[in-house]
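Here's the structure we're looking at; comments come further down.
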There are 2 protein chains.
Amino acid sequence: MLTEKELKEYSDNARASYLPHISIDCVVFGFHEGMLKVLLLHMKNENGWYLPGGFVLKDEPIELSANRILKERTGLDEIFLQQFHVFGDPQRSKDHFEMYKDMLPRAENWFTDRFLTIGYYALVDFCDAIPQPDIFSADCIWRDLDDLPELKLDHALILKTALDTLRLQLNYQPIGYNLMPKEFTMPELQKLYETILDKKLDRRNFQRRMLGFGILKRSEKPRKGGAHKAPYLYSFDLENYQAALTEGFKGGW
Amino acid sequence: MLTEKELKEYSDNARASYLPHISIDCVVFGFHEGMLKVLLLHMKNENGWYLPGGFVLKDEPIELSANRILKERTGLDEIFLQQFHVFGDPQRSKDHFEMYKDMLPRAENWFTDRFLTIGYYALVDFCDAIPQPDIFSADCIWRDLDDLPELKLDHALILKTALDTLRLQLNYQPIGYNLMPKEFTMPELQKLYETILDKKLDRRNFQRRMLGFGILKRSEKPRKGGAHKAPYLYSFDLENYQAALTEGFKGGW
DNA sequence: AATCGATAGTGTATTATTGACACAAGAGTA
DNA sequence: TACTCTTGTGTCAATAATACACTATCGATT
(Lines give C-alpha, C1' and ligand atoms only; values in the text may rest on other atoms or scores of the structure.)
Protein backbone atom coordinates (compact mmCIF):
# COMPACT_ATOMS: atom_id res chain seq x y z
CA MET A 1 0.00 0.00 0.00
CA LEU A 2 1.25 3.46 -0.85
CA THR A 3 2.15 5.98 1.79
CA GLU A 4 0.52 9.37 1.77
CA LYS A 5 3.63 10.81 0.21
CA GLU A 6 3.72 8.19 -2.52
CA LEU A 7 0.05 8.69 -3.24
CA LYS A 8 0.56 12.42 -3.51
CA GLU A 9 3.42 11.83 -5.90
CA TYR A 10 1.40 9.40 -7.98
CA SER A 11 -1.54 11.77 -8.10
CA ASP A 12 0.54 14.76 -9.08
CA ASN A 13 2.29 12.79 -11.73
CA ALA A 14 -0.95 11.34 -13.03
CA ARG A 15 -2.55 14.76 -13.31
CA ALA A 16 0.47 16.02 -15.19
CA SER A 17 0.63 13.05 -17.58
CA TYR A 18 -2.82 11.62 -18.14
CA LEU A 19 -6.14 12.78 -19.45
CA PRO A 20 -8.36 13.25 -16.42
CA HIS A 21 -11.54 11.23 -15.86
CA ILE A 22 -10.63 8.60 -18.41
CA SER A 23 -9.30 5.16 -17.78
CA ILE A 24 -8.86 1.95 -19.70
CA ASP A 25 -9.65 -1.51 -18.39
CA CYS A 26 -8.57 -4.64 -20.14
CA VAL A 27 -10.10 -8.07 -20.08
CA VAL A 28 -7.27 -10.33 -21.09
CA PHE A 29 -8.37 -13.78 -22.16
CA GLY A 30 -6.00 -16.68 -22.32
CA PHE A 31 -6.56 -20.36 -22.96
CA HIS A 32 -4.73 -23.14 -21.19
CA GLU A 33 -5.42 -26.78 -20.51
CA GLY A 34 -8.94 -26.51 -21.76
CA MET A 35 -9.79 -23.58 -19.55
CA LEU A 36 -10.48 -19.98 -20.45
CA LYS A 37 -8.46 -17.69 -18.20
CA VAL A 38 -8.57 -14.03 -17.34
CA LEU A 39 -5.73 -11.92 -16.09
CA LEU A 40 -6.51 -10.33 -12.72
CA LEU A 41 -4.70 -8.15 -10.23
CA HIS A 42 -4.85 -8.65 -6.52
CA MET A 43 -4.50 -5.49 -4.48
CA LYS A 44 -1.95 -5.06 -1.78
CA ASN A 45 -3.46 -5.13 1.71
CA GLU A 46 -6.94 -5.56 0.36
CA ASN A 47 -9.18 -8.40 -0.63
CA GLY A 48 -10.20 -6.90 -3.92
CA TRP A 49 -9.39 -8.16 -7.38
CA TYR A 50 -9.28 -5.85 -10.36
CA LEU A 51 -8.91 -5.98 -14.09
CA PRO A 52 -5.63 -4.63 -15.38
CA GLY A 53 -6.09 -1.01 -16.28
CA GLY A 54 -4.45 2.31 -16.71
CA PHE A 55 -4.78 5.78 -18.11
CA VAL A 56 -4.37 7.65 -21.36
CA LEU A 57 -1.37 9.89 -21.81
CA LYS A 58 -2.32 13.40 -22.77
CA ASP A 59 -1.13 13.01 -26.32
CA GLU A 60 -1.55 9.29 -26.85
CA PRO A 61 -4.03 7.50 -29.14
CA ILE A 62 -6.20 5.30 -26.96
CA GLU A 63 -5.33 2.16 -28.90
CA LEU A 64 -1.72 2.77 -27.93
CA SER A 65 -2.71 3.31 -24.33
CA ALA A 66 -4.40 -0.05 -24.23
CA ASN A 67 -1.38 -1.62 -25.87
CA ARG A 68 1.01 0.01 -23.47
CA ILE A 69 -1.03 -1.05 -20.46
CA LEU A 70 -1.14 -4.62 -21.67
CA LYS A 71 2.53 -4.68 -22.42
CA GLU A 72 3.26 -3.59 -18.86
CA ARG A 73 1.05 -6.38 -17.50
CA THR A 74 1.96 -9.21 -19.86
CA GLY A 75 5.18 -8.33 -21.59
CA LEU A 76 3.32 -8.84 -24.86
CA ASP A 77 3.24 -6.49 -27.77
CA GLU A 78 1.04 -6.45 -30.85
CA ILE A 79 -1.76 -8.09 -29.01
CA PHE A 80 -5.19 -8.65 -30.46
CA LEU A 81 -7.11 -5.85 -28.78
CA GLN A 82 -10.71 -4.97 -29.28
CA GLN A 83 -12.45 -1.98 -27.83
CA PHE A 84 -15.93 -3.09 -26.82
CA HIS A 85 -17.67 -0.59 -24.54
CA VAL A 86 -17.38 2.55 -22.47
CA PHE A 87 -18.66 2.36 -18.93
CA GLY A 88 -19.81 5.76 -17.82
CA ASP A 89 -21.95 5.53 -14.75
CA PRO A 90 -20.93 8.31 -12.33
CA GLN A 91 -21.21 5.84 -9.45
CA ARG A 92 -18.96 3.24 -10.99
CA SER A 93 -15.73 4.62 -9.60
CA LYS A 94 -17.17 5.54 -6.23
CA ASP A 95 -15.28 2.78 -4.47
CA HIS A 96 -12.09 3.12 -6.45
CA PHE A 97 -9.13 2.35 -4.24
CA GLU A 98 -11.08 2.84 -1.05
CA MET A 99 -8.01 2.76 1.13
CA TYR A 100 -6.64 5.84 -0.55
CA LYS A 101 -9.96 7.64 -0.33
CA ASP A 102 -9.33 9.92 2.62
CA MET A 103 -5.59 10.03 2.52
CA LEU A 104 -5.50 13.23 0.50
CA PRO A 105 -7.88 16.14 -0.13
CA ARG A 106 -10.24 15.34 -3.01
CA ALA A 107 -8.75 17.88 -5.35
CA GLU A 108 -5.31 16.34 -5.00
CA ASN A 109 -6.29 12.71 -4.95
CA TRP A 110 -6.40 11.22 -8.44
CA PHE A 111 -8.46 8.27 -7.28
CA THR A 112 -11.42 10.22 -6.01
CA ASP A 113 -12.16 11.58 -9.49
CA ARG A 114 -14.96 10.23 -11.58
CA PHE A 115 -13.66 7.96 -14.33
CA LEU A 116 -15.20 6.80 -17.55
CA THR A 117 -13.47 3.61 -18.48
CA ILE A 118 -12.97 2.28 -21.96
CA GLY A 119 -13.19 -1.48 -22.05
CA TYR A 120 -10.82 -3.46 -24.24
CA TYR A 121 -10.63 -7.16 -24.47
CA ALA A 122 -7.51 -8.96 -25.50
CA LEU A 123 -6.82 -12.46 -26.71
CA VAL A 124 -3.36 -13.71 -25.94
CA ASP A 125 -1.43 -16.91 -26.08
CA PHE A 126 -1.36 -18.03 -22.47
CA CYS A 127 2.14 -19.42 -22.73
CA ASP A 128 3.68 -16.24 -24.08
CA ALA A 129 2.43 -13.90 -21.37
CA ILE A 130 4.47 -13.09 -18.32
CA PRO A 131 2.07 -11.53 -15.82
CA GLN A 132 3.53 -8.55 -13.96
CA PRO A 133 1.80 -6.80 -11.05
CA ASP A 134 1.64 -3.00 -11.04
CA ILE A 135 2.60 -0.80 -8.13
CA PHE A 136 -0.80 -1.09 -6.51
CA SER A 137 -1.05 -4.82 -6.66
CA ALA A 138 0.66 -7.72 -5.01
CA ASP A 139 -0.21 -10.20 -7.70
CA CYS A 140 -1.04 -10.41 -11.33
CA ILE A 141 -2.27 -13.87 -12.19
CA TRP A 142 -4.41 -15.93 -14.51
CA ARG A 143 -7.69 -16.98 -13.00
CA ASP A 144 -10.09 -19.56 -14.39
CA LEU A 145 -13.14 -17.96 -15.87
CA ASP A 146 -15.41 -20.32 -14.01
CA ASP A 147 -13.72 -19.77 -10.69
CA LEU A 148 -13.55 -16.02 -10.41
CA PRO A 149 -12.97 -14.13 -7.18
CA GLU A 150 -15.16 -11.19 -6.31
CA LEU A 151 -14.23 -8.21 -8.42
CA LYS A 152 -14.13 -4.63 -7.22
CA LEU A 153 -15.92 -1.69 -8.80
CA ASP A 154 -17.93 -2.64 -11.86
CA HIS A 155 -15.23 -4.97 -13.07
CA ALA A 156 -17.53 -7.98 -12.95
CA LEU A 157 -19.84 -6.16 -15.35
CA ILE A 158 -16.95 -5.22 -17.59
CA LEU A 159 -15.76 -8.80 -17.68
CA LYS A 160 -19.22 -10.14 -18.44
CA THR A 161 -19.70 -7.61 -21.21
CA ALA A 162 -16.35 -8.57 -22.70
CA LEU A 163 -17.27 -12.22 -22.63
CA ASP A 164 -20.64 -11.58 -24.25
CA THR A 165 -18.93 -9.58 -26.95
CA LEU A 166 -16.36 -12.29 -27.50
CA ARG A 167 -19.09 -14.91 -27.86
CA LEU A 168 -20.96 -12.75 -30.30
CA GLN A 169 -17.87 -12.06 -32.36
CA LEU A 170 -17.16 -15.77 -32.56
CA ASN A 171 -20.15 -15.94 -34.89
CA TYR A 172 -18.79 -13.66 -37.51
CA GLN A 173 -15.06 -13.45 -36.94
CA PRO A 174 -12.35 -16.07 -36.80
CA ILE A 175 -11.03 -15.89 -33.29
CA GLY A 176 -8.67 -18.74 -32.70
CA TYR A 177 -5.46 -17.29 -34.03
CA ASN A 178 -4.75 -15.08 -31.06
CA LEU A 179 -5.51 -17.63 -28.41
CA MET A 180 -3.84 -20.69 -29.86
CA PRO A 181 -0.17 -21.53 -30.15
CA LYS A 182 1.34 -21.58 -33.64
CA GLU A 183 0.45 -25.20 -34.19
CA PHE A 184 -2.46 -27.03 -32.73
CA THR A 185 -4.74 -29.93 -33.38
CA MET A 186 -8.36 -29.74 -34.41
CA PRO A 187 -9.59 -31.15 -31.08
CA GLU A 188 -7.59 -28.45 -29.29
CA LEU A 189 -9.17 -25.73 -31.38
CA GLN A 190 -12.57 -27.25 -30.79
CA LYS A 191 -11.93 -27.20 -27.07
CA LEU A 192 -11.28 -23.46 -27.30
CA TYR A 193 -14.60 -22.88 -29.00
CA GLU A 194 -16.40 -25.10 -26.54
CA THR A 195 -14.82 -23.24 -23.68
CA ILE A 196 -15.70 -19.81 -24.97
CA LEU A 197 -19.23 -20.79 -25.82
CA ASP A 198 -19.59 -23.02 -22.80
CA LYS A 199 -21.19 -25.84 -24.73
CA LYS A 200 -20.30 -29.08 -26.47
CA LEU A 201 -19.90 -29.10 -30.22
CA ASP A 202 -19.99 -32.00 -32.59
CA ARG A 203 -16.49 -33.09 -33.55
CA ARG A 204 -17.23 -33.80 -37.19
CA ASN A 205 -19.39 -30.80 -37.87
CA PHE A 206 -16.90 -28.54 -36.16
CA GLN A 207 -14.10 -29.80 -38.34
CA ARG A 208 -16.14 -29.46 -41.50
CA ARG A 209 -17.12 -25.92 -40.70
CA MET A 210 -13.66 -24.81 -39.63
CA LEU A 211 -12.01 -26.22 -42.70
CA GLY A 212 -14.78 -24.68 -44.78
CA PHE A 213 -13.62 -21.23 -43.77
CA GLY A 214 -10.37 -21.91 -45.54
CA ILE A 215 -8.21 -20.29 -42.91
CA LEU A 216 -6.43 -23.40 -41.70
CA LYS A 217 -3.39 -25.13 -43.09
CA ARG A 218 -2.76 -28.76 -42.29
CA SER A 219 0.81 -29.63 -41.55
CA GLU A 220 2.31 -32.79 -43.04
CA LYS A 221 3.30 -34.28 -39.75
CA PRO A 222 0.89 -35.32 -37.08
CA ARG A 223 1.55 -34.72 -33.40
CA LYS A 224 3.28 -37.75 -31.93
CA GLY A 225 3.64 -38.87 -28.37
CA GLY A 226 0.08 -39.16 -27.20
CA ALA A 227 -1.24 -42.53 -26.17
CA HIS A 228 -3.67 -42.50 -29.06
CA LYS A 229 -4.01 -41.90 -32.74
CA ALA A 230 -1.78 -39.00 -33.71
CA PRO A 231 -3.85 -35.96 -34.63
CA TYR A 232 -2.87 -33.67 -37.48
CA LEU A 233 -1.32 -30.32 -36.67
CA TYR A 234 -2.88 -27.19 -38.09
CA SER A 235 -1.82 -23.60 -38.26
CA PHE A 236 -3.66 -20.53 -39.43
CA ASP A 237 -3.26 -19.40 -42.99
CA LEU A 238 -2.53 -15.79 -42.12
CA GLU A 239 -3.41 -14.38 -45.50
CA ASN A 240 -6.86 -15.91 -45.63
CA TYR A 241 -7.25 -15.26 -41.93
CA GLN A 242 -6.75 -11.55 -42.35
CA ALA A 243 -9.13 -11.50 -45.27
CA ALA A 244 -11.76 -13.31 -43.21
CA LEU A 245 -11.22 -10.85 -40.36
CA THR A 246 -12.05 -7.87 -42.49
CA GLU A 247 -14.84 -9.46 -44.48
CA GLY A 248 -16.54 -11.31 -41.71
CA PHE A 249 -17.70 -14.89 -41.77
CA LYS A 250 -21.36 -14.98 -42.34
CA GLY A 251 -23.31 -12.97 -44.83
CA GLY A 252 -26.54 -12.77 -42.96
CA TRP A 253 -28.68 -10.99 -45.50
CA MET B 1 -20.61 32.89 -34.95
CA LEU B 2 -19.90 33.60 -31.32
CA THR B 3 -18.14 36.76 -30.19
CA GLU B 4 -15.04 36.48 -28.09
CA LYS B 5 -17.09 37.30 -25.03
CA GLU B 6 -19.66 34.63 -25.82
CA LEU B 7 -16.96 32.08 -26.47
CA LYS B 8 -15.34 32.91 -23.16
CA GLU B 9 -18.67 32.51 -21.42
CA TYR B 10 -19.33 29.23 -23.18
CA SER B 11 -15.87 27.94 -22.32
CA ASP B 12 -16.09 28.95 -18.68
CA ASN B 13 -19.48 27.40 -18.36
CA ALA B 14 -18.40 24.23 -20.14
CA ARG B 15 -15.41 23.82 -17.86
CA ALA B 16 -17.63 24.26 -14.84
CA SER B 17 -20.31 21.86 -16.04
CA TYR B 18 -18.80 19.16 -18.20
CA LEU B 19 -16.19 16.47 -17.90
CA PRO B 20 -13.15 17.73 -19.77
CA HIS B 21 -11.75 15.96 -22.85
CA ILE B 22 -14.88 13.91 -23.41
CA SER B 23 -17.55 14.47 -25.98
CA ILE B 24 -20.41 12.54 -27.47
CA ASP B 25 -21.28 12.43 -31.14
CA CYS B 26 -24.52 11.01 -32.43
CA VAL B 27 -25.27 9.50 -35.78
CA VAL B 28 -29.02 9.83 -36.05
CA PHE B 29 -30.56 7.66 -38.73
CA GLY B 30 -34.01 8.28 -40.10
CA PHE B 31 -35.88 6.71 -42.96
CA HIS B 32 -38.12 8.59 -45.33
CA GLU B 33 -39.40 8.02 -48.83
CA GLY B 34 -37.14 5.09 -49.36
CA MET B 35 -34.03 6.97 -48.33
CA LEU B 36 -31.83 6.59 -45.31
CA LYS B 37 -31.20 9.99 -43.77
CA VAL B 38 -28.72 11.36 -41.26
CA LEU B 39 -29.16 14.38 -39.09
CA LEU B 40 -26.42 16.94 -39.68
CA LEU B 41 -25.60 20.41 -38.44
CA HIS B 42 -24.36 23.19 -40.63
CA MET B 43 -22.06 25.64 -38.94
CA LYS B 44 -22.69 29.33 -38.89
CA ASN B 45 -20.30 31.27 -41.13
CA GLU B 46 -18.49 28.12 -42.13
CA ASN B 47 -18.83 25.50 -44.80
CA GLY B 48 -18.48 22.59 -42.44
CA TRP B 49 -21.07 20.03 -41.54
CA TYR B 50 -20.97 18.17 -38.24
CA LEU B 51 -22.72 15.38 -36.46
CA PRO B 52 -24.86 16.48 -33.55
CA GLY B 53 -22.83 16.23 -30.41
CA GLY B 54 -22.31 17.48 -26.93
CA PHE B 55 -20.64 16.88 -23.63
CA VAL B 56 -21.11 14.90 -20.45
CA LEU B 57 -22.22 16.70 -17.33
CA LYS B 58 -19.90 16.11 -14.42
CA ASP B 59 -22.33 13.86 -12.63
CA GLU B 60 -24.32 12.43 -15.51
CA PRO B 61 -24.37 8.85 -16.80
CA ILE B 62 -23.19 8.90 -20.40
CA GLU B 63 -26.35 7.22 -21.68
CA LEU B 64 -28.28 10.15 -20.29
CA SER B 65 -25.89 12.59 -21.91
CA ALA B 66 -26.52 11.03 -25.28
CA ASN B 67 -30.24 11.10 -24.65
CA ARG B 68 -30.16 14.71 -23.57
CA ILE B 69 -28.14 15.74 -26.59
CA LEU B 70 -30.52 13.99 -28.92
CA LYS B 71 -33.53 15.45 -27.24
CA GLU B 72 -32.12 18.92 -27.76
CA ARG B 73 -31.55 18.20 -31.46
CA THR B 74 -34.70 16.26 -32.29
CA GLY B 75 -37.24 16.88 -29.56
CA LEU B 76 -37.38 13.12 -29.14
CA ASP B 77 -37.10 11.21 -25.92
CA GLU B 78 -36.62 7.52 -25.28
CA ILE B 79 -34.78 7.07 -28.51
CA PHE B 80 -33.13 3.85 -29.57
CA LEU B 81 -29.51 4.67 -28.82
CA GLN B 82 -26.56 2.41 -29.23
CA GLN B 83 -23.04 3.19 -28.17
CA PHE B 84 -20.74 1.83 -30.82
CA HIS B 85 -17.19 3.17 -30.54
CA VAL B 86 -14.85 5.62 -28.90
CA PHE B 87 -12.68 7.69 -31.18
CA GLY B 88 -9.50 8.61 -29.41
CA ASP B 89 -6.90 9.83 -31.84
CA PRO B 90 -5.18 12.89 -30.37
CA GLN B 91 -5.29 14.52 -33.80
CA ARG B 92 -8.99 14.05 -34.32
CA SER B 93 -10.09 17.26 -32.64
CA LYS B 94 -7.25 19.33 -34.00
CA ASP B 95 -9.52 21.24 -36.33
CA HIS B 96 -12.40 21.53 -33.94
CA PHE B 97 -14.20 24.81 -34.50
CA GLU B 98 -11.27 26.37 -36.31
CA MET B 99 -12.77 29.82 -36.26
CA TYR B 100 -12.66 29.89 -32.50
CA LYS B 101 -9.13 28.55 -32.40
CA ASP B 102 -7.20 31.71 -31.73
CA MET B 103 -9.91 33.78 -30.19
CA LEU B 104 -8.92 32.86 -26.65
CA PRO B 105 -5.79 31.61 -24.94
CA ARG B 106 -5.58 27.80 -25.12
CA ALA B 107 -6.11 27.29 -21.43
CA GLU B 108 -9.36 29.20 -21.51
CA ASN B 109 -10.68 27.96 -24.81
CA TRP B 110 -12.75 24.82 -24.42
CA PHE B 111 -12.47 23.97 -28.09
CA THR B 112 -8.71 23.70 -28.24
CA ASP B 113 -8.71 20.79 -25.80
CA ARG B 114 -8.21 17.27 -26.96
CA PHE B 115 -11.48 15.33 -26.98
CA LEU B 116 -12.20 11.65 -26.97
CA THR B 117 -15.62 11.23 -28.44
CA ILE B 118 -18.04 8.47 -27.69
CA GLY B 119 -20.05 7.51 -30.74
CA TYR B 120 -23.72 6.69 -30.41
CA TYR B 121 -26.03 5.87 -33.21
CA ALA B 122 -29.74 6.44 -32.98
CA LEU B 123 -32.66 5.15 -34.97
CA VAL B 124 -35.63 7.46 -35.04
CA ASP B 125 -38.89 7.81 -36.83
CA PHE B 126 -38.20 10.50 -39.38
CA CYS B 127 -41.67 12.00 -39.07
CA ASP B 128 -41.51 12.44 -35.30
CA ALA B 129 -38.26 14.36 -35.17
CA ILE B 130 -38.16 18.14 -35.17
CA PRO B 131 -34.57 19.09 -35.98
CA GLN B 132 -33.26 21.99 -33.93
CA PRO B 133 -29.91 23.69 -34.53
CA ASP B 134 -27.66 24.38 -31.56
CA ILE B 135 -26.03 27.71 -30.79
CA PHE B 136 -23.08 27.02 -33.07
CA SER B 137 -25.06 25.99 -36.08
CA ALA B 138 -27.33 27.72 -38.52
CA ASP B 139 -29.11 24.56 -39.58
CA CYS B 140 -29.97 21.13 -38.36
CA ILE B 141 -31.34 19.05 -41.18
CA TRP B 142 -31.78 15.58 -42.55
CA ARG B 143 -29.40 14.70 -45.34
CA ASP B 144 -29.63 11.73 -47.64
CA LEU B 145 -27.02 9.15 -46.82
CA ASP B 146 -25.99 8.87 -50.43
CA ASP B 147 -25.67 12.59 -50.91
CA LEU B 148 -23.58 13.67 -47.97
CA PRO B 149 -21.74 16.96 -47.76
CA GLU B 150 -18.15 17.00 -46.62
CA LEU B 151 -17.92 16.45 -42.90
CA LYS B 152 -15.53 18.19 -40.54
CA LEU B 153 -13.15 16.51 -38.14
CA ASP B 154 -13.38 12.74 -38.22
CA HIS B 155 -17.13 12.82 -38.50
CA ALA B 156 -17.09 11.02 -41.82
CA LEU B 157 -15.28 8.16 -40.12
CA ILE B 158 -17.71 8.19 -37.23
CA LEU B 159 -20.63 8.07 -39.62
CA LYS B 160 -19.12 5.24 -41.61
CA THR B 161 -18.40 3.25 -38.48
CA ALA B 162 -21.96 3.77 -37.30
CA LEU B 163 -23.30 2.56 -40.62
CA ASP B 164 -21.09 -0.50 -40.59
CA THR B 165 -22.25 -1.30 -37.09
CA LEU B 166 -25.86 -0.84 -38.06
CA ARG B 167 -25.46 -3.19 -41.01
CA LEU B 168 -23.80 -5.77 -38.83
CA GLN B 169 -26.47 -5.52 -36.16
CA LEU B 170 -29.14 -6.03 -38.77
CA ASN B 171 -27.94 -9.61 -38.95
CA TYR B 172 -28.69 -10.49 -35.38
CA GLN B 173 -31.09 -7.86 -34.13
CA PRO B 174 -34.48 -6.74 -35.27
CA ILE B 175 -33.99 -3.16 -36.28
CA GLY B 176 -37.10 -1.92 -37.95
CA TYR B 177 -39.15 -0.89 -34.96
CA ASN B 178 -37.30 2.31 -34.29
CA LEU B 179 -37.14 3.49 -37.85
CA MET B 180 -40.64 2.68 -39.03
CA PRO B 181 -43.90 4.39 -38.20
CA LYS B 182 -46.39 2.47 -36.06
CA GLU B 183 -47.98 0.81 -39.06
CA PHE B 184 -46.30 -0.03 -42.29
CA THR B 185 -46.51 -2.42 -45.18
CA MET B 186 -44.16 -5.27 -45.91
CA PRO B 187 -42.76 -3.59 -49.03
CA GLU B 188 -42.02 -0.50 -46.94
CA LEU B 189 -40.14 -2.55 -44.38
CA GLN B 190 -38.27 -4.30 -47.14
CA LYS B 191 -37.30 -0.97 -48.58
CA LEU B 192 -35.78 -0.05 -45.23
CA TYR B 193 -33.66 -3.17 -45.22
CA GLU B 194 -32.64 -2.67 -48.81
CA THR B 195 -31.67 0.89 -48.07
CA ILE B 196 -29.59 0.05 -45.03
CA LEU B 197 -27.88 -2.84 -46.76
CA ASP B 198 -27.71 -1.07 -50.08
CA LYS B 199 -28.86 -4.08 -52.07
CA LYS B 200 -32.01 -5.58 -53.50
CA LEU B 201 -33.74 -8.36 -51.64
CA ASP B 202 -36.22 -10.89 -52.92
CA ARG B 203 -39.77 -9.90 -52.03
CA ARG B 204 -41.05 -13.37 -51.20
CA ASN B 205 -38.02 -14.53 -49.27
CA PHE B 206 -37.90 -11.32 -47.31
CA GLN B 207 -41.51 -11.69 -46.28
CA ARG B 208 -41.08 -15.31 -45.28
CA ARG B 209 -38.04 -14.56 -43.21
CA MET B 210 -39.53 -11.51 -41.51
CA LEU B 211 -42.71 -13.30 -40.60
CA GLY B 212 -40.64 -16.23 -39.44
CA PHE B 213 -39.14 -14.10 -36.71
CA GLY B 214 -42.59 -13.80 -35.21
CA ILE B 215 -42.23 -10.15 -34.32
CA LEU B 216 -44.83 -8.76 -36.71
CA LYS B 217 -48.57 -8.48 -36.32
CA ARG B 218 -50.74 -8.18 -39.40
CA SER B 219 -53.58 -5.71 -39.12
CA GLU B 220 -57.01 -6.68 -40.43
CA LYS B 221 -57.31 -3.73 -42.75
CA PRO B 222 -55.08 -3.15 -45.72
CA ARG B 223 -53.80 0.27 -46.65
CA LYS B 224 -56.16 1.89 -49.13
CA GLY B 225 -55.63 4.75 -51.50
CA GLY B 226 -52.69 3.62 -53.59
CA ALA B 227 -53.12 3.11 -57.30
CA HIS B 228 -52.51 -0.59 -56.87
CA LYS B 229 -53.46 -3.58 -54.88
CA ALA B 230 -53.87 -2.60 -51.25
CA PRO B 231 -51.05 -4.01 -49.15
CA TYR B 232 -51.57 -5.29 -45.62
CA LEU B 233 -50.52 -3.17 -42.71
CA TYR B 234 -48.16 -4.58 -40.12
CA SER B 235 -46.99 -3.43 -36.75
CA PHE B 236 -44.37 -4.81 -34.42
CA ASP B 237 -45.43 -7.20 -31.71
CA LEU B 238 -43.63 -5.39 -28.93
CA GLU B 239 -43.48 -8.33 -26.57
CA ASN B 240 -41.85 -10.69 -29.03
CA TYR B 241 -39.77 -7.83 -30.37
CA GLN B 242 -38.24 -7.17 -26.98
CA ALA B 243 -37.59 -10.85 -26.47
CA ALA B 244 -35.87 -11.05 -29.85
CA LEU B 245 -33.77 -7.99 -28.98
CA THR B 246 -32.35 -9.58 -25.87
CA GLU B 247 -31.92 -13.06 -27.29
CA GLY B 248 -30.62 -12.14 -30.69
CA PHE B 249 -31.78 -13.53 -33.97
CA LYS B 250 -29.30 -16.05 -35.16
CA GLY B 251 -27.70 -18.73 -33.14
CA GLY B 252 -24.48 -18.97 -35.03
CA TRP B 253 -22.85 -21.89 -33.25
C1' DA C 1 -67.70 -1.76 -68.41
C1' DA C 2 -63.64 -3.67 -70.17
C1' DT C 3 -58.85 -3.36 -70.30
C1' DC C 4 -54.34 -2.09 -68.78
C1' DG C 5 -50.47 -1.24 -65.73
C1' DA C 6 -48.54 -1.57 -61.62
C1' DT C 7 -47.97 -3.61 -57.25
C1' DA C 8 -49.16 -7.10 -53.64
C1' DG C 9 -49.90 -11.82 -52.04
C1' DT C 10 -48.69 -16.58 -52.19
C1' DG C 11 -46.29 -21.47 -53.28
C1' DT C 12 -42.95 -24.68 -55.00
C1' DA C 13 -38.84 -26.82 -56.76
C1' DT C 14 -33.83 -26.58 -56.19
C1' DT C 15 -29.80 -26.03 -53.76
C1' DA C 16 -26.82 -25.19 -49.84
C1' DT C 17 -26.16 -25.59 -44.96
C1' DT C 18 -26.65 -27.62 -40.62
C1' DG C 19 -27.24 -31.37 -37.40
C1' DA C 20 -27.18 -36.14 -36.07
C1' DC C 21 -24.97 -40.17 -36.30
C1' DA C 22 -21.44 -44.73 -37.08
C1' DC C 23 -17.55 -46.81 -38.46
C1' DA C 24 -12.62 -47.35 -39.65
C1' DA C 25 -7.73 -46.27 -38.47
C1' DG C 26 -3.67 -45.44 -35.66
C1' DA C 27 -0.94 -45.29 -31.28
C1' DG C 28 0.22 -46.91 -27.17
C1' DT C 29 -0.70 -50.59 -23.42
C1' DA C 30 -1.47 -55.13 -21.49
C1' DT D 1 -2.28 -59.79 -30.64
C1' DA D 2 -6.04 -57.83 -28.51
C1' DC D 3 -7.69 -53.82 -26.17
C1' DT D 4 -8.69 -48.96 -25.34
C1' DC D 5 -8.75 -44.49 -26.39
C1' DT D 6 -8.85 -40.89 -29.65
C1' DT D 7 -8.80 -39.16 -34.28
C1' DG D 8 -10.34 -38.98 -39.19
C1' DT D 9 -13.91 -39.29 -42.33
C1' DG D 10 -18.72 -40.08 -44.88
C1' DT D 11 -23.69 -40.14 -45.22
C1' DC D 12 -28.36 -39.20 -44.53
C1' DA D 13 -32.10 -36.32 -42.97
C1' DA D 14 -33.79 -31.93 -41.65
C1' DT D 15 -33.61 -27.25 -42.18
C1' DA D 16 -32.77 -22.98 -44.27
C1' DA D 17 -31.70 -20.15 -48.30
C1' DT D 18 -32.47 -19.17 -53.05
C1' DA D 19 -34.64 -18.72 -57.44
C1' DC D 20 -38.55 -18.22 -59.73
C1' DA D 21 -44.07 -17.63 -61.64
C1' DC D 22 -48.61 -17.09 -61.17
C1' DT D 23 -52.85 -14.86 -59.35
C1' DA D 24 -55.34 -10.89 -57.18
C1' DT D 25 -56.70 -6.18 -56.74
C1' DC D 26 -56.61 -1.34 -57.08
C1' DG D 27 -56.87 2.96 -59.87
C1' DA D 28 -56.44 4.82 -64.36
C1' DT D 29 -57.54 4.69 -69.18
C1' DT D 30 -60.47 3.87 -73.05
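The structure displayed is predicted, hence computed values, not measured ones. Convention: sequence-line order gives letters A, B, ...; per-chain numbering from 1.
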Salt bridge flag under 4.0 Å for residues B:Arg92 and B:Asp25: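 Yes.
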Basic-acidic side-chain contact under 4.0 Å: A:Glu194, A:Lys200: yes
Length of the line joining [X]:[atom1] and [N]:[atom2], which is rounded to integer Å:
X	N	atom1	atom2	result
B:Leu201	D:dC20	CG	C1'	16 Å
B:Gln190	C:dG9	CD	P	11 Å
B:Leu189	C:dA8	CG	P	13 Å
B:Met210	D:dA17	CE	C1'	15 Å
B:Asp202	C:dT14	CG	C1'	14 Å
B:Arg208	D:dA19	CZ	P	12 Å
A:Arg209	C:dA20	CZ	C1'	15 Å
A:Asn171	C:dT18	CG	P	11 Å

5′-ward residue of the pair A:Leu211/B:Asn205 relative to DNA chain D: A:Leu211
Between A:Phe206 and A:Tyr193, ring centroids under 6.0 Å: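 Ring centroids of A:Phe206 and A:Tyr193 are less than 6.0 Å from each other.
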Between A:Phe184 and A:Phe31, ring centroids under 6.0 Å: no
Please tabulate, one pair per line, each protein N/O and nucleotide N/O from nucleotides 4-8 of chain D that are separated by under 3.5 Å, including the distance.
| unit_1 | atom_1 | unit_2 | atom_2 | d |
| --- | --- | --- | --- | --- |
| D:dC5 | O2 | A:His228 | ND1 | 3.1 |
| D:dG8 | OP1 | A:Tyr232 | N | 2.9 |
| D:dG8 | O4' | A:Lys229 | NZ | 3.4 |
| D:dG8 | N7 | A:Arg203 | NH1 | 2.8 |
| D:dG8 | O6 | A:Arg203 | NH2 | 2.8 |

Passing option when A:Tyr241 is tested against A:Phe80, A:Tyr234, A:Tyr177, A:Phe213 for ring pair (Phe, Tyr, Trp, His ring centres under 6.0 Å): A:Tyr177
Heavy-atom neighbours of A:Phe126 CZ exceed 12 at 6.0 Å: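 Counting neighbours around CZ of A:Phe126, more than 12 heavy atoms of other residues, nucleotides or ligands fall under 6.0 Å, so yes.
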